[in-house]
Amino acid sequence: MMRSTVEKVLSANDTGETHAHQAGLLIPKNIARLEFFPKLDPSIKNPRCVIDLRDAAGEEWTFNYIYYNNALFGGTRNEYRLTSMTEFLRHYDLKEGDTVVFKRPTGRFYGVDYRRKHQGLTTFPSGRKVLKLSGNWIILDTDDLS
DNA sequence: AGCCATGCACCG
DNA sequence: CGGTGCATGGCT
């Protein structure tokens, strides 16, 4: 399926809040499989490519998209990452729980955007979202809040 | 599968 | 020499 956008809720490690000097976010395999990002050749070790992006404010960024795949070469790694995102994450002060949105490129540039975490937004095991307000009021079905 | 963590190389 | 990212190991 050719989706036009993908997004990920940032982990603490993604944003650097755990003080891991890891600088980027882990891409879940199901997103990698969409081939939303360029396909990386698994026959070579740690294949990568550069991704040019533009955000809603018109700022341009360059991330690296890497497939750490040494598991296919006798090691233990088998995961995708977008790296070199520190500048972007700091520029918008993105934290754990915030969401980064990627839009399929029209020309040379992918689109990047972000959405702040709702304060008090939680997700029930059923997948239903709940926004807690003051005074014990809550809002159910928060799809239209985005 | 996903997140947390780190030794070291590189670079200002 | 301090900050950053690479490449990898470790834990859940």
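Throughout, a chain's letter reflects where its sequence line sits, starting with A, and its residues are numbered from 1.
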Can you list the residues that meet the side chain to side chain donor-acceptor pair (under 3.5 Å) rule with A:Asn70, with sequence neighbours excluded? none
List in chain and number order the residues that pass side chain to side chain donor-acceptor pair (under 3.5 Å) with A:Lys95, two or more places apart in sequence or in another chain; answer none if no residue qualifies.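 Once residues adjacent in sequence are excluded, the partners of A:Lys95 under the side chain to side chain donor-acceptor pair (under 3.5 Å) criterion are A:Asp93.
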Please confirm whether the shortest side-chain N or O distance from [X] to OP1 or OP2 of [N] is below 4.0 Å.
X	N	answer
A:Ser11	B:dC4	yes
A:Lys8	B:dC3	yes
A:Arg90	C:dT4	yes
A:Ser84	C:dC6	yes

By salt bridge (charged side-chain N to carboxylate O under 4.0 Å, His left out) - contacts of A:Lys39 (at least two apart):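 So A:Lys39 forms no salt bridge (charged side-chain N to carboxylate O under 4.0 Å, His left out) with any residue.
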Distance, rounded to the nearest Å, where [X] contributes [atom1] and [N] contributes [atom2]:
X	N	atom1	atom2	result
A:Leu26	B:dA5	CG	P	15 Å
A:Asn64	C:dG5	CG	C1'	9 Å
A:Ile27	B:dG2	CD1	P	10 Å
A:Asn13	B:dA1	CG	C1'	14 Å
A:His19	B:dC4	NE2	P	13 Å
A:Arg81	B:dT6	CZ	C1'	12 Å
A:Leu25	C:dG5	CG	C1'	14 Å
A:Asn46	C:dG5	CG	P	18 Å

Whether each nucleotide of nucleotides 7-12 of chain B has a protein heavy atom under 4.0 Å at its base (B), only at its sugar-phosphate (S) or at neither (-) is summarised, 5' to 3', as BB----
Which residue pairs pass the salt bridge (charged side-chain N to carboxylate O under 4.0 Å, His left out) test with at least one member in residues 56-75 of chain A, sequence neighbours excluded? A:Arg54-A:Glu60
Any salt bridge (charged side-chain N to carboxylate O under 4.0 Å, His left out) pairs touching residues 81-90 of chain A, not counting sequence neighbours?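 Passing the test, one end in residues 81-90 of chain A: A:Glu79-A:Arg81.
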Check: A:Phe102 ring centre within less than 6.0 Å of A:Phe37 ring centre: yes
Please list every donor-acceptor pair under 3.5 Å in which a side-chain atom of residues 105-112 of chain A meets a protein atom from a residue at least two apart or in another chain.
from     : atom 1 : to      : atom 2 : distance (Å)
A:Arg108 : NE     : A:Asp52 : OD2    : 3.1
A:Arg108 : NH2    : A:Asp52 : OD2    : 3.4
A:Tyr110 : OH     : A:Phe36 : O      : 3.0

Which residue pairs pass the side-chain hydrogen bond (donor to acceptor under 3.5 Å, both in side chains) test with at least one member in residues 42-51 of chain A, sequence neighbours excluded? A:Asp41-A:Ser43
For A:Asp113 and A:Ala56, indicate whether the former's side chain and the latter's backbone hold a donor-acceptor pair under 3.5 Å.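 No, A:Asp113 side chain to A:Ala56 backbone: no donor-acceptor pair under 3.5 Å.
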Tell me which of A:Thr18 and A:Lys29 sits closer to the 5' end of DNA chain B, going by the nucleotide each one is nearest to. A:Lys29
Which parts of residues 68-79 of chain A get close to DNA chain C, meaning a heavy atom less than 4.0 angstrom away?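 Hits under 4.0 Å, by residue number: A:Tyr68, A:Asn70, A:Thr76, A:Arg77.
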Could you check which of B:dT6, B:dC4, C:dT8 has an atom nearest any side-chain atom of A:Ala12?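 Closest of the options to the side chain of A:Ala12: B:dC4.
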Checking C:dC6, C:dG5, B:dA5 against the side chain of A:Arg48 (C-beta onward), the nearest is C:dC6
What's the shortest heavy-atom distance between A:Pro42 and A:Leu72, and which atoms? O-CD1, 3.7 Å
